[in-house]
*Asks:* 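Before we start, here is the structure in question, set down as structure tokens.
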Amino acid sequence: MTDGVEAVFDAVAAAAAEVRAGLPERRGYTDETNPSGETVLAADVYADDRLEDRLTALDAVGAYASEERDGVVDAGTGLSVTCDPLDGSSNLPTGNVVGTVVGVYDDDLPARGRALVAAGYVLYGPVTTMVVARDDVTEYLVEDGAREPVGDVQVPAEPSVYGFGGRVSDWTPAFREFVRSIESAGELKLRYGGAMVGDVNQVLTRGGVFGYPAVDGSPDGKLRLQFEGNPVAYVVETAGGASSDGDGSILDRPADRLHGRTPVFVGNETTIDRLESAVE
Ligand code: P6P
């Protein structure tokens with residue numbers, strides 16, 4: 001299992017080099033929509049193809065699924081790997097960070113987060129970095145398709161940033177009140193960049209909370225459990241933080257649909273506890 005998981009993230013690092021190199025000429029929208037009904041960019045399709053190609057070629061991988069594909073790709077026997085191939089791709093035309101989110105499950109998909117044996121993400125920022133959670137969380141620099149460890153990651157004890165997705169007018173009154181209490185306390189600085197991976201990385205680096213809540217018309221929020229919620233919950237909990245779907249750890253949330261959604265909150269345990277009390 002250990003070799004298999006390492007092979008997965010080596011393949012993701014190799015694909016990341018191709019994805020990053022392919023971004024400049026793929027910032028336009030296609031006329032396709034993904035299973036979540038979102039219009040996809042050429043870069044979404046390209047990233048998905050590169051990741052699927054490299055990951056399904058691994059002996060350790062038995063299944064591949066992504067936000068861009070209706071079903072699971074059968075690759076024989078072994079680990080089930082999920083990808084959000086280009087998280088936050090709508091940030092491409094605006095020149096903001098995007099990323100690749102990876103979940104490595106030791107079960108058939110769709111699977112609960114507790115079936116994860118590893119998770120991580122690539123951040124295409126000023127430099128390309130990767131965060132991988134297994135027994136602990138390690139950050140890597142990704143260059144020329146290879147990854148070099150640069151240090152361990154732990155959620156800082158003191159929270160300092162917050163950011164929540166969706167329109168304020170679409171939040172529940174209880175959640176709106178919770179955010180208002182954070183803002184009136186004046187302790188946290190707003191950091192919301194429109195790509196989950198970038199916002200989660202801020203929380204891992206500075207402490208605080210990121211979330212995408214239930215919104216009017218979508219009680220399960222916007223983010224996908226298999227491809228976004230579970231992997232970032234695994235990373236943040238492994239880094240000493242906490243996750244919640246509003247009721248409890250995202251990793252305990254039942255997984256009945258491959259493209260099912262979940263409210264997502266990740267960050268310092270104290271802040272997540274306060275949030276759960278506020279929205280219960
Ligand atoms: P909004 C990107 O489309 C994404 O799936 C996440 O990466 C991000 O956190 C969220 O949606 C942003 O959504 O509604 O703020 O544009």
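Whatever order the structure lists them in is the order used to number ligands and atoms, beginning at 1. When a residue number appears, it is its place in the shown sequence, counting from 1. Quick caveat: nothing in here was measured; it's all calculated off a predicted structure.
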*Asks:* Residue by residue, ordered by chain and number, which ones reach under 4.0 Å of ligand 1 with a heavy atom?
*Replies:*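 D87, G88, Y192, G194, A195, M196, F210, Y212, K222, L223, R224, E228.
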
*Asks:* Taking the basic N atoms (NZ, or NE/NH1/NH2) and the acidic carboxylate oxygens, is any pair closer than 4.0 Å for E139 and R147?
*Replies:*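 Not counted as a salt bridge, because no side-chain N and carboxylate O are separated by less than 4.0 Å.
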
*Asks:* Would you call R253 and D220 a salt bridge, taking side-chain N to carboxylate O under 4.0 Å as the test?
*Replies:*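 So R253 pairs with D220 through a salt bridge.
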
*Asks:* When clusters are formed from ILVMFWY side-chain contacts under 4.5 Å, directly or step by step, what else is grouped with V45?
*Replies:*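 Hydrophobic cluster check, V45: joined to V40.
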
*Asks:* Side-chain contact test, heavy atoms from C-beta onward, threshold under 4.5 Å: evaluate it for C83 versus Q226 and give yes or no.
*Replies:*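 No - every pair of side-chain heavy atoms lies 4.5 Å or more apart.
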
*Asks:* What's in the same ILVMFWY side-chain cluster as L251, cut-off under 4.5 Å, chained through other members?
*Replies:*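 Taking Ile, Leu, Val, Met, Phe, Trp and Tyr as members, L251 shares its hydrophobic cluster with V72, Y105, L109, L116, F227, Y234, L258.
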
*Asks:* Give the table of side-chain donor-acceptor pairs shorter than 3.5 Å for residues 148-168, with sequence neighbours excluded, one pair per line with atom names and distance.
*Replies:*
unit_1 : atom_1 : unit_2 : atom_2 : d
S160   : OG     : R206   : O      : 2.9
Y162   : OH     : E183   : OE2    : 2.7

